[in-house]
Amino acid sequence: MADTKREIERKYDAGPDARLPDLTRVSQVADVRDRGVDELDAVYYDTDDLRLAAASVTLRRRTGGADAGWHLKLPVAPEVRDEISAPLSDDIPGELGALVRVYTRDADLAPVVRLRSVRTVRHLLDADGALLAEVSRDEVHAERPADGGRTARWGEIEVELADGGDPALLDAVDKKLRKAGLHKATTPSKLARALAETGTAPASRPVAPPPRTAGDHILGYLREQVDALVSYDPGVRRDLPDAVHRMRVATRRLRSALRTYRKILDREVTRPVTDELTWLAGELGVARDQEVLAERLRSRVDALPDTLLLGPVAARLKAWAVARGSDARGTAVAALDSTRYLDLLSALDALLEEPPLLKAAGKAADAALPDAVLKEYDRLSRRVEHALALPAGGERDVALHDARKAAKRTRYAAEAATQALGRPARQFAKRMKAVQKVLGEHQDSVVARDALRDLAIRADAAGESSFTWGLLYGQESARAAECEAELPQVWERATAPGLRAALTG
């Protein structure tokens, strides 16, 4: 089973004459303790075209030191990575291979660089002897196993914050190191430097020129969402909080943009991609919907006084949530492991490389984009007015759900145009989000009532009291009624004449 830790560190170039200053003069640091010298031997794996390196991802097999084994490092933020480790073995652990599959696709992983390092380690300790940070000096020898075995040598200093440490410590140490003449490393990792100094760096995405046309803006937005989708894949596999939600949002935004801006991108060409995005959103939705529902019901139960909890309510809800959650996550991961998903990723790449642009794509953004947003808005208007005209009940619930989907699509359409249209599009998206929120709360109550009815039936069949489940059902019914009463006011703000006029200029 792989272990994970959050790695927060800074790297500095260190020539042969570089010396560490007295770090006991750094605030919080009471003692600097030598921890000896390690000899490390690491082999880094990547595809032939260095897809992992291009994504700032590293996968290595290392011997020597206290943490020998396989290490996968995934970027989180500048100077922050998640390091996922697995025991030493001859082959790449399956769990780590799965986490990088979104980058490697169907390409094989093979050794690309071998790094041998002599590491001198020092620990920075506080007054109680607790570890604050580890400072290491590495003398590195890099070798390419292929390409003629080219080599490079350099020295560097790393300062890695201890688990749970204060990031401000890194700033204080940085100040001391810079004063001593050390400079931040120009490359983010040893692998990146090894590749650069042996003459083979990963291909980088060309820097796009500033967007000028409507097509430029929409393609830029699509590229952002594809990058987001890819970046959240490992988080879904690791079951990180909110990863499924964020990945599904990126999927829905892609699908929405392809549908909304069909006068910019040929719908006949993009339709197969849109269909596959619908499939992926559905597979991810099982896990996300269950996650939201379980949390909603838990909060409802937790809010009740003990006198109203008749029977093993909490235990039954927990067992129900665990069983349903496990099945839902399995569905999401199975989708990510499928050939169909990899084909979708390839199709998205192809779409961005050779976009099927139509004549309107060459127009100015403020001339082409508002009409597409307002077309979605008009669809939303019809659905809201239809729902409000219906009596309370199942038919109205369905109509309100349809309106919610239209509100989400209208909001995404406005967000896609925000860079081009500025504040009017942001304000428009904000109003649509408010409509989506009240409609979403209503739909959540509908789904919660179905679940509560099922839980009540199960409790009754097991000889337990169903009183609490009925009470919660009543609360959800009341919440739905509140949402229906609130909707006309929210919708009135979303239909303000100035909002539409500002969008069209």
Side-chain angles (χ1 to χ4, degrees), residues 51 55 57 74 97-107 218-219 221-262 265-293 324-356 376 401-402 404-413 415-416 436 440 443 447:
R51 298 178 190 180
V57 173
L74 300 170
L99 289 174
V100 299
R101 191 166 180 248
V102 70
Y103 303 106
T104 61
R105 313 286 172 85
D106 55 357
I218 298 306
L219 287 175
Y221 178 79
L222 292 174
R223 191 169 289 110
E224 289 176 4
Q225 301 313 314
V226 171
D227 289 346
L229 189 155
V230 169
S231 70
Y232 292 126
D233 175 298
V236 172
R237 296 176 185 275
R238 295 165 60 197
D239 201 20
L240 296 185
D242 217 29
V244 170
H245 171 60
R246 292 176 180 272
M247 188 175 187
R248 185 166 68 152
V249 167
T251 304
R252 285 177 163 174
R253 283 176 168 154
L254 281 166
R255 182 184 63 188
S256 177
L258 292 175
R259 286 176 172 171
T260 297
Y261 295 102
R262 53 187 175 275
L265 292 164
D266 190 339
R267 182 70 186 277
E268 293 306 311
V269 177
T270 64
R271 192 186 304 276
V273 177
T274 302
D275 291 344
E276 290 305 281
L277 288 168
T278 299
W279 161 77
L280 179 60
E283 297 299 286
L284 296 172
V286 175
R288 174 57 182 171
D289 292 345
Q290 176 58 29
E291 178 184 338
V292 170
L293 176 59
R324 296 263 302 245
S326 178
D327 291 344
R329 182 173 182 275
T331 298
V333 174
L336 301 189
D337 283 338
S338 69
T339 301
R340 186 175 182 178
Y341 171 64
L342 295 185
D343 289 343
L344 170 59
L345 295 177
S346 297
L348 288 168
D349 288 344
L351 179 67
L352 293 173
E353 289 173 8
E354 297 185 18
E376 297 296 344
H401 184 42
D402 289 341
R404 176 202 185 191
K405 291 186 284 187
K408 188 176 298 184
R409 186 163 157 177
T410 307
R411 170 194 166 192
Y412 290 160
E415 289 176 346
Q436 175 192 332
Q443 176 61 16
V447 174

*Taking atom types as modelled, find out whether Arg404 and Gln443 have a side-chain donor-acceptor pair closer than 3.5 angstrom.*
no

If we only count heavy atoms from C-beta on, is the [X] to [Y] side-chain gap below 4.5 Å?
X	Y	answer
Val447	Asp289	no
Asp337	Arg101	yes
Val102	Leu336	no
Thr278	Arg259	yes

So how far is it from [X] [atom1] to [Y] [atom2], rounded to the nearest 0.5 Å?
X	Y	atom1	atom2	answer
Leu277	Arg252	CG	CZ	12.0 Å
Arg253	Tyr412	CZ	OH	5.5 Å
Asp242	Glu291	CG	CD	7.0 Å
Leu344	Leu348	CG	CG	4.5 Å
Tyr232	Asp227	OH	CG	11.0 Å
Tyr221	Leu254	OH	CG	7.5 Å

_Stepwise side chain to side chain contact (heavy atoms under 4.5 Å, CB included) check, Leu351 with Val226_ = CA-CA 11 Å; Leu351 179 67; Val226 171; over 6 Å; no

If you take all heavy atoms of [X] and [Y], which pair is closest and at what distance?
X	Y	value
Ala328	Gln290	CB-CB, 4.2 Å
Val244	Leu284	CG1-O, 3.3 Å
Arg248	Ala281	CD-O, 3.4 Å
Ala332	Val236	CB-CG1, 4.5 Å
Ser231	Tyr103	CA-OH, 4.3 Å
Leu229	Ala250	N-CB, 3.9 Å

Distance-only, no hydrogens or angles: does the [X] side chain make a donor-acceptor pair with backbone N or O of [Y] under 3.5 Å?
X	Y	answer
Tyr261	Ser256	no
Thr270	Val273	no
Arg51	Thr104	yes

Should [X] and [Y] count as an ion pair when the cut-off is N to O under 4.0 Å?
X	Y	answer
Arg255	Asp275	no
Arg237	Asp233	yes
Asp402	Lys405	yes

*Run the numbers on Leu219 and Leu265 for side chain to side chain contact (heavy atoms under 4.5 Å, CB included), then give the verdict.*
CA-CA 9 Å; Leu219 287 175; Leu265 292 164; 4.3 Å; yes

_Evaluation steps, side chain to side chain contact (heavy atoms under 4.5 Å, CB included), between Thr331 and Asp327_ = CA-CA 6 Å; Thr331 298; Asp327 291 344; 5.6 Å; no

